[in-house]
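Remember, it's 1-based here, ligands and their atoms both numbered in the order they're listed.
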Amino acid sequence: MITIGVLDLQGAVIEHVDKINNISGATALRVKNVKDLEDIDGLIIPGGESTTIGKLLRDFNMLSPLKSKIESGMPVWGTCAGMIILAKSILGSDYNHLGVMGIEVRRNAYGSQLDSFITDEIVEGVSEEKIPLVFIRAPYVEKAHEGVKVLCSLDEKIIACRENNMLATSFHPELTKDLSMHKYFYNMCKDRLK
Ligand code: GLN
């Protein structure tokens, strides 16, 4: 059984937990502290508010232990705010959070909550058919460093990418019926244990 953690400090946690528990061979663990990081094979950082998630990671002294785990190869997937948490740089800010993934992100790149939208696209390596993508005050990747593989772009902006053990999506697959992004991440976790 592969244990996939969902960082449970703020944001869309339950939806990811439900998705993971629907994959046979996977079980979800809500990660609330440093100790929980020892019990997982991979971690999802959910959507929510990146400034809040970042602050709580610092307040609970989870930032540097989590960073080391990712740097030593633990698979991680950031959705929306989670993408911002992973990024090496955030446009217009002189700070970052985990700063592990070679991407520069633009926050709220599509406007406010009222500008939320759904579209369908093929995500390379994830699904051969178009899957529904939900954008809620989403970021996109403004610049990707060498070594970052683009999995999906929308209007020439990168909205899904991967760098080794790190996966980032601008959108929220946990809010749709489709399970393919979660299965893709499950396979990343499984492959690491081979
Ligand atoms: N706009 C939020 C942020 O900057 C992200 C929104 C989301 O995760 N749905 O953190």
Shared hydrophobic cluster for V134 and F185 (ILVMFWY, side-chain gaps under 4.5 Å): no

Note down each nitrogen or oxygen pair, ligand 1 side and protein side, whose separation is under 3.5 Å; give only atom names and the distance to 0.1 Å.
| residue | atom | partner | partner atom | Å |
| --- | --- | --- | --- | --- |
| ligand 1 | 1 (N) | N108 | OD1 | 2.6 |
| ligand 1 | 1 (N) | R137 | O | 2.9 |
| ligand 1 | 1 (N) | R137 | NH1 | 3.2 |
| ligand 1 | 4 (O) | R107 | NE | 2.7 |
| ligand 1 | 4 (O) | R107 | NH2 | 2.9 |
| ligand 1 | 8 (O) | G48 | N | 2.9 |
| ligand 1 | 8 (O) | G48 | O | 3.1 |
| ligand 1 | 8 (O) | A81 | N | 3.0 |
| ligand 1 | 9 (N) | I136 | O | 2.9 |
| ligand 1 | 9 (N) | H172 | NE2 | 2.9 |
| ligand 1 | 10 (O) | S50 | N | 2.6 |
| ligand 1 | 10 (O) | S50 | OG | 2.8 |

Aromatic plane relationship, Y140 with Y110 - under 30° parallel, 30 to 60° tilted, over 60° perpendicular: perpendicular

More than 12 heavy atoms of other groups within 6.0 Å of K183 NZ: no

Check: N108 side chain, P139 main-chain N or O, donor-acceptor pair, under 3.5 Å: no

Residues which pass side chain to side chain donor-acceptor pair (under 3.5 Å) with R106, listed by chain and number, not counting sequence neighbours: E142

Side-chain donor-acceptor pair present, D178, S180, cut-off under 3.5 Å: yes

